[in-house]
Every structure is written in C-alpha cells, then in structure tokens.
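One structure below.
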Amino acid sequence: MKNLNNRQQLFKLAAAAGFLVLAGCSGKDKAKEPAFKINQNPFPSTYQPIPSHSVLITNATILDGIGGLFKDSAVLLQNGKIVAIGNDLSLPDSGVIVNAKGKWVTPGIIDVHSHLGVYPAPGGTAHSDGNEATNPVTAEVWAEHSIWPQDAGFQRALSGGITVMQILPGSANLVGGRGVTVKNLPGTTVQDMKFPDAPYGMKMACGENPKRVYGKKGGPSTRMGNVAGYRQAWADAQDYQRTWDKYYVDHELGKKDAKVPKRDLKLETLSLALKGDILVHMHCYRADDMGTMLDVMKEFNYKIAAFHHAVESYKIADQLAQAGVCSAMWADWWGFKFEAYDGIQENIPMVHAAKACAIVHSDSDLGIQRLNQEAAKAWANGRRAGIDISQAEAWQWLSANPAKSLGIFEQTGSLEKGKNADVVIWSADPFSTYAQAEHVYLDGALIYDRHDPASWPVSDFELGQPGEGDSK
C-alpha cells in the first residue's frame with residue numbers, strides 16, 4: 001500500500017504540470033490505454049527563414065540591446081545567427097561586407113502590443129476582427145484566426161525597423177483571447193509569420209473599457225464587477241484543471257470509470273495561463289488597478305508578464321520591480337480618457353530607474369513605424385528630469401525587455417552570439433528624429449533595403465494602389 005500511495009503522489013505531481021501526461025499501457029484493461037492527450041499546438045508555425053549570405057557590417061556604432069555600446073566596431077551574421085561583435089572580424093567565407101561608417105546598428109525592434117492584421121488597413125467593418133465583444137470572458141478566441149496578412153501595415157512597420165511583434169485582441173473584454181508573436185516577414189497565411197515555438201500570450205483588460213462595453217449588456221459595469229469577473233474566471237479554470245488532474249490520476253490507477261473530461265476551450269486557455277504556459281498581457285492604466293491585479297495574481301498564483309499602456313506605472317514602479325512585472329508604455333500619450341489623465345512624459349525612465357522592466361510599445365499602426373523616436377522622446381524627457389540613462393541602456397526598452405516579456409529572449413532581442421540575426425542598420429543615431437532604418441535583417445536575411453524600392457515587399461491589396469506619400 002505504501003508503494004501505491006507513493007506512486008499516486010508522484011503521478012499527481014506530474015499531472016499538475018499539464019495536460020500532456022501519457023499513461024503507460026499494460027494488459028487489456030481499457031483504462032490502461034494511453035491517456036487522452038490534448039494537442040497544445042494545433043496551428044504550428046510554418047515560418048521559413050529566407051536563405052541568407054554571411055554579412056559583415058563594419059565601422060558602425062553598435063548598441064547590443066542589453067546595455068552595451070561599441071564604437072567603430074563590426075558585427076558578423078552567418079547562417080541566420082549573430083556570430084560575433086568586435087574590431088577584428090573577417091568573413092569566414094564568401095559573403096557581403098557592408099561599410100556602415102557613420103551609421104548605427106541595433107537589434108531589430110520588438111513591439112509587444114500591435115493590432116496589425118486584426119484591425120488592418122483599409123479599415124472597415126469587414127476587416128474589424130480584433131474584439132470578440134460578445135462576452136466579458138472570451139479566452140477561447142485566438143488573434144491569429146483574425147489576422148489578414150495582406151495588411152499593408154506590416155510593410156510600413158518593417159520600414160521602421162520592426163522585426164517581431166505580438167498581435168493581440170482588443171481591450172473590450174476582461175479576457176480578450178490569445179495573442180500571437182509573429183516575425184515581420186510577409187506570408188500567405190499567418191502561420192507563415194508565426195515565431196516558431198514562441199509562447200502564446202493572453203490579453204486581459206482592466207479599468208474603463210470592459211465596464212464601458214458591457215455596462216448595458218449585463219455587466220460588469222463597475223471596477224468591482226471587473227475584478228469579480230476575473231476571479232470567477234480563474235476559479236472556474238482551477239476547477240476545470242482539477243477535473244483533468246483527477247482524470248489522469250484515475251487513469252494511472254487503472255480505474256474503469258476514468259472518463260475523459262469534456263474540453264472547454266475558454267477554460268483550457270485560462271488553465272494554461274494559470275500554469276504559466278501562456279503569458280498574461282494586461283491592458284491597465286491606473287496604479288490602483290495594477291495594484292489590484294497584482295493582488296489577484298497572488299491569489300490565483302499566476303504571473304502577469306506585462307501591464308500594457310500603464311500610464312501610472314511610475315507610481316508603483318517599486319512594486320512592479322519586486323513582482324517582476326514589465327510595463328509596456330507609450331512615451332507621451334495621456335488625457336484622452338479619465339484613466340489616462342495622470343500620464344507623464346517621464347513614466348518610462350522612472351520605471352527603468354526603479355529597476356523595473358520598461359518597454360516602449362505602439363498600440364498603433366502609425367506609432368509602430370517610429371518606435372525608435374518614441375523611445376528617444378522618453379529617454380530625452382528622463383534626462384531633462386535628471387534621470388541619467390544611457391542610450392545603450394534605453395535601447396533595452398525596444399528589444400531585450402520586449403523579448404523577455406514575450407518569452408523569446410533566448411532567441412532574439414539582443415546582439416549576442418548564437419541569437420537570431422535580427423538587425424537594423426540606421427542612417428544615423430536612432431535616437432534622432434532624422435534617423436531612418438536603411439537595412440533590416442531577419443534571421444540574417446536582408447528583408448528591407450531603403451535604397452532599393454523595387455525590393456520592398458508589397459501586399460496584394462496595395463498593387464496598383466499607392467498609399468499617401470508613396471512613390472507613384
């Protein structure tokens with residue numbers, strides 16, 4: 001009996017780790033057939049890097065994305081990866097040497113909050129697919145099933161040095177559904193763009209939006225109603241997870257009544273978020289709302305990867321640092337609704353100075369084209385307020401910190417040996433209004449060359465329909 005109890009306890013621990021537990025088979029007992037397995041990746045990435053040559057970028061000022069600055073230096077890209085940064089580098093085989101004298105090199109920019117594809121251009125009801133505003137909790141929907149890859153915004157973002165982005169549902173709901181991380185390479189389907197093996201995100205929203213949308217549709221209509229809605233959703237997810245844990249334990253024990261629970265796609269996403277397999281990204285403006293959500297996070301033992309917009313993060317930056325929760329922020333958006341009223345231009349540098357994780361994001365098809373300038377504004381405003389942050393440190397807001405919040409920092413977000421060669425060559429200091437992204441590399445392949453308009457990617461929709469300001 002002691003051995004059985006030990007075995008049962010071990011299996012409970014294994015079952016608690018996830019749905020992917022497989023029981024062994026023995027005899028003819030039906031209960032000992034393999035346990036039912038849920039496919040957690042039913043829509044896998046089909047992304048394929050463009051074939052690339054070795055590239056040696058020389059004589060550049062390099063920001064490595066993790067606080068380092070190298071003057072008159074070089075970076076070597078080979079086989080889609082960063083090979084080295086240094087002064088005495090040479091091409092190990094045939095390839096391309098790019099003389100970047102007077103230019104700057106950085107990691108590609110990562111935007112953690114974009115709605116490209118789900119609210120594409122041209123705008124219209126037919127293409128407005130970002131908010132499933134039919135229920136306060138719609139964790140079952142996935143943004144990737146709304147993305148229109150022909151959105152010209154992807155190409156516009158590419159011209160601003162954006163190599164990776166998270167596409168999120170909108171903020172109408174308490175839980176809006178799953179987001180997806182994509183590489184900014186044109187594809188026929190969204191699966192061609194999906195960042196391989198990147199964790200899914202889950203969009204949540206607090207404050208004004210859910211109560212405004214649902215106040216006359218059965219609620220919630222107040223902030224306390226919002227919080228009750230989150231707590232009930234998490235409690236339901238915990239109960240759902242317990243039914244699966246019990247099934248796996250019963251199955252392992254050979255119980256004949258071990259019945260596969262009915263799948264619930266909403267609770268499945270929520271339970272994966274509870275376990276940390278899906279990363280929670282939460283639209284939240286006010287400091288008190290963020291503090292409340294930190295309490296709910298502790299109550300249900302999940303992790304918020306980042307608060308988005310977060311215009312009052314400066315008020316609780318110490319708590320965010322202690323909790324290890326990032327803030328994805330605008331440089332200077334404020335005042336367009338009550339919960340944005342206390343936004344300040346020093347928000348981002350103040351969060352950084354408190355040793356919390358600061359991120360610059362767009363939430364805009366226009367802002368995403370010049371996120372380097374948004375970071376520059378925040379950096380300059382901090383310096384005017386006496387917060388002395390170097391440009392090398394500040395670039396973390398655009399690459400390393402976003403990558404960390406998306407769970408992809410081991411692959412990208414900095415110019416370190418072995419990481420994906422996602423690189424931008426800028427015409428000048430990227431904190432200058434006049435700097436332009438001249439060359440953009442994704443996995444070592446040149447996917448944007450400002451000096452070669454004929455090579456620019458153009459969506460099918462744009463063919464014969466030049467946009468305002470474009471060459472005819």
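It should be emphasised that the depicted structure is a prediction, and the values quoted were computed from it without experimental measurement.
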Using distance alone, with no hydrogens and no angle criterion, decide if [X] and [Y] have a side-chain donor and acceptor under 3.5 Å apart.
X      : Y      : value
Asp363 : His115 : yes
His127 : Trp148 : no
Tyr285 : Asp342 : no
Ser455 : Asp449 : no
Asn131 : Lys203 : no
Asn226 : Arg223 : no

Write down the atom of [X], the atom of [Y], and the distance for their closest heavy-atom approach.
X      : Y      : answer
Ala317 : Val351 : CB-CA, 4.1 Å
Val325 : Ala306 : CG1-CA, 4.2 Å
Asn372 : Ile109 : N-CD1, 4.1 Å

For a 4.5 angstrom cut-off between non-hydrogen side-chain atoms, does [X] reach [Y]?
X      : Y      : value
Tyr230 : Phe300 : no
Pro120 : Phe154 : no
Lys315 : Arg286 : no
Lys275 : Gln241 : yes

Count the heavy atoms of every other residue, nucleotide or ligand shown that sit under 6.0 Å from NZ of Lys217, and state whether that count exceeds 12.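 Correct, the count exceeds 12.
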Taking atom CG as the centre, does Asp197 end up with more than 12 heavy-atom neighbours from other residues, nucleotides or ligands that are less than 6.0 angstrom away? no
Walk me through it: do Ile82 and Leu77 pass the test side chain to side chain contact (heavy atoms under 4.5 Å, CB included)? CA-CA 5 Å; Ile82 304 293; Leu77 323 179; 3.5 Å; yes
Please determine which of Asp443, Thr412, Thr163, Asp192 meets the side chain to side chain donor-acceptor pair (under 3.5 Å) test together with Lys183.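 Answer to the side chain to side chain donor-acceptor pair (under 3.5 Å) test with Lys183 among Asp443, Thr412, Thr163, Asp192: Asp443.
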Between Asp236 and Lys266, does any NZ, NE, NH1 or NH2 come within less than 4.0 Å of an OD or OE carboxylate oxygen?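 Not counted as a salt bridge, because no side-chain N and carboxylate O are separated by less than 4.0 Å.
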Going by ring-ring contact (aromatic ring centres under 6.0 Å, His included), name the pairs with one or both residues in residues 166-206, residues two or more places apart or in two chains.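 Residue pairs passing ring-ring contact (aromatic ring centres under 6.0 Å, His included), neighbours aside: Trp142-Tyr200.
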Give the ring-plane orientation class for Trp333 versus Phe336, where under 30° counts as parallel, over 60° as perpendicular and anything between as tilted. perpendicular
Could you go through Trp104 and Gln391, starting from their C-alpha distance and side-chain angles, then the distance that decides it, and tell me whether this counts as side chain to side chain contact (heavy atoms under 4.5 Å, CB included)? CA-CA 12 Å; Trp104 290 55; Gln391 289 173 290; 3.9 Å; yes
Measure from the ring center of His283 to the ring center of His113 and say whether it is less than 6.0 Å. no
